[in-house]
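Residue numbers begin at 1 in each chain, while the letters A, B, ... track the order of the sequences.
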Amino acid sequence: MSARGSTATAGRNWTVGLRTWVQGLVPSGQALPDRQPVYVASWIYVFGVLSLASFVVVLASGLVLTVGGSLWWHTSSLGHFVNSMHLWSVELFFATMVIHLWGKFWMAAWRGERALTWVTGVLLFVSSIGTAFTGYLSESDFTSQWIAAEGKDGINAIGVGAFFNILNPAQMLLWHVALLPLAVGALVVWHVILVRRHGVVPPLEASAPEPARVGE
Amino acid sequence: MTPGLVVLAGRYLDWGVISISVTNAAIIAAMVVVFVLALVAPFPHDRDDDGERRP
Ligand code: HEM
């Protein structure tokens with residue numbers, strides 16, 4: 001079946017609309033390019049992908065934890081190991097994400113229509129902190145009880161306690177394992193699509209001949 | 001004073017309103033070191049990348 005042969009019959013429908021939208025997300029050939037402009041040859045450009053890689057380990061180890069449950073991760077040695085994988089991949093995720101953020105801040109990487117990339121980055125930073133917070137509340141041990149008791153007044157003071165009750169472990173666990181990871185995951189996809197759409201930002205000193213967009 | 005609790009609480013650095021555990025300060029310092037290294041450390045690349053040649 002060739003896409004070209006079908007255009008006469010396709011007309012306008014949801015499938016065609018969706019296909020056109022998906023095809024237009026990233027300029028052709030830019031989804032997974034194997035060559036990059038020469039300025040990308042620096043370690044600082046690796047930190048976005050390092051955040052992405054640690055996020056994948058966070059998701060995978062978290063999914064294993066959901067299989068065994070809290071009794072398993074508190075009492076068995078394999079459970080302890082997977083729990084540690086989850087914690088330490090989160091530590092790496094935050095460290096690499098913040099170094100990535102510093103890099104993008106000092107190169108003013110929001111230049112050249114990349115404001116939305118920066119904004120999705122800010123949303124990622126904030127929602128990742130929320131995900132980590134609900135994670136600490138889901139440990140199901142004295143630490144999580146302590147954090148919940150210490151944090152509740154602050155959460156109530158900003159007026160969200162009625163909807164987001166950090167003394168309710170079931171609500172915190174569900175936010176941690178469903179709602180927030182889905183939100184962070186969707187934001188990661190959006191962020192990376194935006195990066196591929198605009199190409200990696202040129203260094204500040206090379207920003208004068210900006211109009212040349214990657215992919216053209 | 002219970003010595004055990006003091007040990008658990010860890011050591012803190014204090015400058016006025018700023019109070020940070022030695023562990024957290026060390027992690028932030030290590031992140032700054034990694035950031036600087038990422039800027040200055042040479043990035044390995046293929047010899048082919050120097051010219052216009054494509055494999
Ligand atoms: C889950 C966390 C994040 C992931 C997985 C991620 C991933 C990436 C990747 C793979 C790139 C490609 C270029 C590069 O790696 O240098 C990128 C670019 C970018 N990121 Fe992130 N990022 C994250 C968080 C953030 C945060 C917190 C900010 C800032 C608030 C940010 C701002 C940007 C900007 C402005 C660009 C585009 C600049 C350019 O073209 O070089 N990102 N991101």
More than 12 heavy atoms of other residues, nucleotides or ligands under 6.0 Å from [atom1] of [X]: is that the case?
X        : atom1 : value
A/Phe125 : CZ    : no
A/Ile158 : CD1   : yes
A/Leu32  : CG    : no
B/Phe43  : CZ    : yes

Closest non-hydrogen atom pair, [X] against [Y]:
X       : Y       : answer
B/Met31 : A/Ile99 : O-CD1, 3.7 Å
B/Ala38 : A/Ser42 : O-OG, 3.7 Å
B/Pro42 : A/Trp43 : O-NE1, 3.0 Å

What part of B/Val40 lies closer than 4.5 angstrom to a heavy atom of chain A: side chain, backbone, both or neither? neither

Who are the ring pair (Phe, Tyr, Trp, His ring centres under 6.0 Å) partners of A/Trp102, not counting sequence neighbours? B/Phe35

Cut-off 4.5 Å, heavy atoms of chain B, and the answer for A/Tyr45 is neither

Any chance you could lay out the side chain to side chain contact (heavy atoms under 4.5 Å, CB included) test for A/Trp106 and B/Leu39, step after step, and finish with the verdict? CA-CA 11 Å; A/Trp106 290 108; B/Leu39 297 179; over 6 Å; no

